Peer 1: 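Here it is: the structure, laid out below.
Each chain gets a letter, A, B and so on, in the order the sequences are listed, and its residues count up from 1. The analysis underlying the following values was restricted to heavy atoms, covering all of them including side chains, and did not include hydrogens, waters or symmetry mates. Here the structure is a predicted model, which means the values were calculated and not measured.
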Protein chains: 2
Amino acid sequence: MASIQDEIKQTRPFPSPSAEAVVALMRTADMVRRSVASVVEPAGITPQQYNVLRILRGAGEAGLPTLEIAERMIEETPGITRLLDRLESKGLVTRVRCDKDRRRVWCRITTQGLELLRQLDAPLQKADEAALQALGNHDLEQLIELLDKARDVYRRIS
Amino acid sequence: MASIQDEIKQTRPFPSPSAEAVVALMRTADMVRRSVASVVEPAGITPQQYNVLRILRGAGEAGLPTLEIAERMIEETPGITRLLDRLESKGLVTRVRCDKDRRRVWCRITTQGLELLRQLDAPLQKADEAALQALGNHDLEQLIELLDKARDVYRRIS
DNA sequence: ACGAATTACTTGACTAATCAACTATCGGTT
DNA sequence: AACCGATAGTTGATTAGTCAAGTAATTCGT
């Protein structure tokens, strides 16, 4: 095979639109992740811990079993147990073994956790908007639709 | 189509299109990241290490100084030194202190590193396409455009 | 030409993520 | 009732990522 062709292929920015989209997606997600981190980390928690707290707030009084939380996380999290350990030791979450099914552990957000979330709500909302400020409402809806569509197929594989 | 709200069983609606887009973005990026990981990890490297190798292949014979690599990474990487340590100990990268400016260290990909990349090229390309198979070329271009637009403004902030 | 500021990393200490192996419990089978 | 497989989580060992402080080399201002 002609080596020049190889060189051209290697020099060309992206071998396919998919490859370019993957890189664009990862770069954008990284920027947004850092934006979120810059808001929640001063409060002493990581974005993942914040995500857990928000899930538990959404779950209400009853709370959720450990692995249910893992399923609802934005990013897949095999280390959910230790994530909860840290939140518990900070007093933001409590855990109680279930009586009906003693394998389960119900996790609940504490008042302190709710208060922390309450303080982060507005800044977080601001950060989300700032991160995507370049996109108008029409753009945002289009973006959401495209991302949902991408995941819809992918979900069937995994 | 499954919306994010169904996916994470969220009971409340998103407070804004931005917030929903942020979550959609992170979830999609996470799926794609795992897809990439499933291809490169059997070869004994992480996605970030793969990213470094690809950057160094693109840089050619001369290689690149350490922090130049960091700047080109898809995801910001403060731990670039140790990332390169691991690649060096695997024999995929070599490092030589620069004579003109002895603060700098030039990093180059080895033949072994190039061979590894060569083996991963096709599967990776396939994984990228599989991850975004739901999107046609028009969708992909639209997605890339939206993501680029989002980052363009955000870049000026940071 | 000399000190201060900058650049380009490196290192140490700490925290977090990952994978596999393990324990405990439950639900059904026979 | 005893067993089997599945479920729900935990733990240990290893690896990776993060932040702050440190070192060495260079450049810039006067």
Peer 1: Could you pull out the closest heavy-atom pair between B:D139 and B:A134, with the gap in Å?
Peer 2: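 Residues B:D139 and B:A134, closest heavy atoms: OD2-O, 4.3 Å.
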Peer 1: Donor-acceptor check, side chain of A:Q125 to backbone of A:A122, threshold 3.5 angstrom: yes or no?
Peer 2: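 Looks like no, no N/O pair under 3.5 Å.
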Peer 1: Rounded to whole Å, please give me the gap between CD1 in B:I80 and P in C:dT11.
Peer 2: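 To the nearest whole Å, that distance equals 15 Å.
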Peer 1: Got a donor-acceptor pair under 3.5 Å from the side chain of A:R102 to the base of C:dT25?
Peer 2: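 No.
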Peer 1: Mind checking whether A:L67 and A:I109 sit in one hydrophobic cluster, side chains of I, L, V, M, F, W, Y counted as touching below 4.5 Å?
Peer 2: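 Same hydrophobic cluster.
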Peer 1: Quick check against the 3.5 Å criterion: does B:K149 have a side-chain atom that pairs as donor or acceptor with the backbone of B:I144?
Peer 2: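 Pair absent, no side-chain N/O of B:K149 close to backbone of B:I144.
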Peer 1: Could you run down the sub-3.5 Å N/O contacts of the protein with nucleotides 18-20 of chain C?
Peer 2:
{"residue": "C:dT18", "atom": "O4", "partner": "A:R82", "partner atom": "NH2", "Å": "3.1"}

Peer 1: Once you round it to whole Å, what is the distance between C1' of D:dA24 and CG of B:L67?
Peer 2: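 Distance, rounded to whole Å: 14 Å.
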Peer 1: A:R103 or A:R95: which one's nearest nucleotide on DNA chain D is closer to the 5' end?
Peer 2: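 The answer here is A:R103.
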Peer 1: Please report, rounded to the nearest Å, how far the P atom of C:dT15 is from the CZ atom of A:R86.
Peer 2: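 After rounding, the gap between these two atoms is 10 Å.
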Peer 1: Just do the side chain to side chain contact (heavy atoms under 4.5 Å, CB included) check on B:R151 and B:D148 with the steps written out, would you?
Peer 2: CA-CA 5 Å; B:R151 286 202 315 287; B:D148 286 354; 2.9 Å; yes
Peer 1: A:R104 has an atom CZ; how far is it from atom C1' of D:dA8, in whole Å?
Peer 2: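 In whole Å, D:dA8 C1' lies 8 Å from A:R104 CZ.
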Peer 1: Could you tell me the separation between the CH2 atom of A:W106 and the C1' atom of D:dG9, rounded to a whole number of Å?
Peer 2: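 Checked: the CH2 to C1' distance equals 14 Å.
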Peer 1: Side-chain N or O of A:T81 versus OP1/OP2 of D:dT10: is the shortest distance under 4.0 Å?
Peer 2: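 Yes.
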Peer 1: Nearest heavy atom decides the nucleotide; on that basis, is A:C98 or B:E68 closer to the 5' end of DNA chain C?
Peer 2: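 So the residue in question is B:E68.
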Peer 1: Over how many whole Å does the gap from A:R33 atom CZ to D:dT18 atom C1' extend?
Peer 2: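 Roughly 14 Å, once rounded to whole Å.
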Peer 1: In whole angstrom, what separates B:L83's CG from C:dT10's C1'?
Peer 2: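 So the two atoms are 15 Å apart, to the nearest Å.
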Peer 1: Please tell me which of B:K100 and A:R97 maps to the more 5' nucleotide of DNA chain D, matching each residue to the nucleotide holding its nearest heavy atom.
Peer 2: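 The residue whose closest nucleotide sits nearer the 5' end is A:R97.
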Peer 1: Rounded to whole angstrom units, what separation is found between the CD1 atom of A:I69 and the P atom of D:dA8?
Peer 2: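 One finds 13 Å between P of D:dA8 and CD1 of A:I69, rounded.
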Peer 1: Do side-chain atoms of A:D128 reach the backbone of B:V22 as a donor and acceptor pair under 3.5 angstrom?
Peer 2: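 Not a single qualifying donor-acceptor pair exists.
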Peer 1: Ignoring the backbone of B:V105, work out which of D:dA16, C:dC9, D:dT10 is nearest its side chain.
Peer 2: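 Side chain of B:V105 sits closest to C:dC9.
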Peer 1: Would you say B:S35's side chain and B:A131's backbone share a donor-acceptor pair under 3.5 angstrom?
Peer 2: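 No, because the side chain of B:S35 does not come within donor-acceptor range (under 3.5 Å) of the backbone of B:A131.
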Peer 1: Taking only side-chain N and O atoms of B:Q48, does any of them lie within less than 4.0 angstrom of OP1 or OP2 on D:dA16?
Peer 2: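 Looking at the OP1 and OP2 atoms of D:dA16, neither is under 4.0 Å from any side-chain N or O of B:Q48.
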